[in-house]
Amino acid sequence: MKQQALDLPVEPRYGRADFLVSDSNRAAFEWIERWPHWPTPALVLCGPSGSGKTHLAHLWCERSGAALIAGKTVTPEELGLLSGAIAIDNAEHAPERPLLHAYNLCLERGGTLLLTMGAPPAAQPIALADLRSRLRALLVAEIAPPDDELLAAELLKQFADRQLRVAPGVVAYLVPRMERSFASAASVAAELDRRALAAGRPVTVKLARAVLSETLG
């Protein structure tokens with residue numbers, strides 16, 4: 001009898017011990033650790049989806065006492081209630097005038113602003129000239145696609161978060177064959193979790209081969 005697979009949510013963990021550091025994200029991580037000794041009052045943290053930008057924003061908020069706001073929900077009224085440090089996650093989705101207001105507010109109050117984006121401001125289609133000039137003058141810390149070490153560590157973390165039993169050799173098999181992205185690591189782990197749970201067995205290299213074969217077409 002096969003066990004029914006339950007689609008249970010995996011709660012992300014944003015502690016320092018949960019952030020995996022390698023050459024691909026070390027510079028961005030070090031900028032977070034270097035606060036409050038930044039050369040500018042604002043920093044843009046950019047990288048691909050699932051690369052750890054939100055995780056780093058949480059670490060910075062814990063370090064600085066900042067409030068973390070989702071870009072698409074930013075309003076001038078909410079910003080007016082804040083002081084000191086502010087972090088805006090996925091800032092490219094923020095309305096432009098509130099985002100400009102956040103920048104000006106931090107300068108006026110002697111605060112600090114952290115923005116996370118999928119791409120640097122220079123690659124963003126920013127219509128408001130004042131905002132465009134300000135953001136493109138900011139310090140930018142980029143997270144590169146994961147190297148082998150980080151991709152392997154991310155897979156292990158994804159498996160651990162799901163309390164998933166994994167046979168020896170699975171991670172070594174996956175790393176050189178899968179798409180090199182954090183989002184892919186999450187989706188592959190989720191699919192392996194679903195199938196292993198349905199079969200009532202641990203994840204094996206055979207199962208990993210089948211999942212990658214279907215994923216890569």
Side-chain angles (χ1 to χ4, degrees), residues 9-16 18-19 21 24-146 181-184 186-187:
V10 178
E11 293 294 332
R13 295 181 294 184
Y14 293 124
R16 167 62 188 89
D18 300 304
F19 188 80
V21 181
S24 63
N25 62 13
R26 192 179 309 279
F29 173 74
E30 288 177 350
W31 276 116
I32 298 301
E33 292 281 286
R34 198 175 300 176
W35 185 89
H37 305 294
W38 289 355
T40 59
L43 171 72
V44 177
L45 186 64
C46 63
S49 175
S51 61
K53 301 186 299 294
T54 298
H55 196 152
L56 284 175
H58 276 86
L59 294 182
W60 184 71
C61 287
E62 182 179 352
R63 184 179 182 87
S64 65
L68 179 61
I69 308 171
K72 62 183 179 181
T73 69
V74 173
T75 64
E77 293 76 19
E78 181 180 20
L79 293 169
L81 299 174
L82 303 174
S83 61
I86 300 173
I88 301 179
D89 198 22
N90 297 313
E92 66 267 39
H93 301 308
E96 292 191 359
R97 290 201 176 277
L99 191 56
L100 177 61
H101 181 59
Y103 177 90
N104 292 335
L105 196 64
C106 280
L107 291 185
E108 291 167 7
R109 298 181 178 179
T112 314
L113 179 65
L114 175 68
L115 304 176
T116 75
M117 294 182 163
Q124 301 285 351
I126 303 170
L128 199 59
D130 286 349
L131 178 64
R132 183 169 62 247
S133 62
R134 284 165 172 75
L135 294 190
R136 291 183 178 181
L138 294 181
L139 177 68
V140 176
E142 294 194 52
I143 301 176
S181 73
F182 298 92
S184 179
S187 64

Tell me the closest heavy-atom pair linking [X] and [Y], and the distance in Å.
X      : Y      : answer
Arg136 : Gln124 : NH2-O, 3.2 Å
Pro98  : Pro95  : CD-O, 3.3 Å
Ala57  : Leu114 : CA-CD2, 3.9 Å
Cys106 : Thr112 : SG-O, 3.6 Å
Ala66  : Ile86  : CB-N, 3.9 Å
Trp60  : Ala85  : CH2-CB, 3.6 Å

task: Begin from the C-alpha positions of Asp89 and His58 and carry the test side-chain contact (heavy atoms from CB on, under 4.5 Å) through to its verdict.
output: CA-CA 10 Å; Asp89 198 22; His58 276 86; 5.9 Å; no
task: Give the intermediate values and the outcome of side-chain contact (heavy atoms from CB on, under 4.5 Å) for residues His93 and Val74.
output: CA-CA 9 Å; His93 301 308; Val74 173; over 6 Å; no
[X] side chain to [Y] backbone, donor-acceptor under 3.5 Å:
X      : Y      : answer
Ser51  : Pro48  : yes
Arg63  : Glu33  : yes
Glu96  : Ile126 : no
Lys53  : Gly118 : no
Thr116 : Asn90  : yes

- prompt: Could you walk me through whether Leu115 and Tyr103 pass the side-chain contact (heavy atoms from CB on, under 4.5 Å) check?
  reply: CA-CA 10 Å; Leu115 304 176; Tyr103 177 90; over 6 Å; no
When rounded to the nearest 0.5 angstrom, what is the spacing between [atom1] in [X] and [atom2] in [Y]?
X      : Y      : atom1 : atom2 : result
Phe182 : Ser24  : CZ    : OG    : 5.0 Å
Leu99  : Leu128 : CG    : CG    : 9.5 Å
Leu43  : Ile32  : CG    : CD1   : 6.0 Å
His101 : Glu77  : NE2   : CD    : 8.5 Å

message: Is the shortest side-chain heavy-atom distance between Pro120 and Cys46 below 4.5 Å?
response: yes
message: With heavy-atom distances below 4.5 Å as the criterion, would you say the side chains of Arg109 and Leu105 are in contact?
response: yes
message: Below 30° counts as parallel, above 60° as perpendicular, anything between as tilted: where do the rings of Phe19 and His55 land?
response: perpendicular
message: For Arg97, is the CZ atom crowded, meaning more than 12 foreign heavy atoms sit under 6.0 Å from it?
response: no
query: Does CD in Glu62 sit with more than 12 non-hydrogen atoms of other residues, nucleotides or ligands closer than 6.0 Å?
result: no
- request: Go through Trp35 and Leu59 one step at a time and tell me if the side-chain contact (heavy atoms from CB on, under 4.5 Å) criterion holds.
  value: CA-CA 11 Å; Trp35 185 89; Leu59 294 182; over 6 Å; no
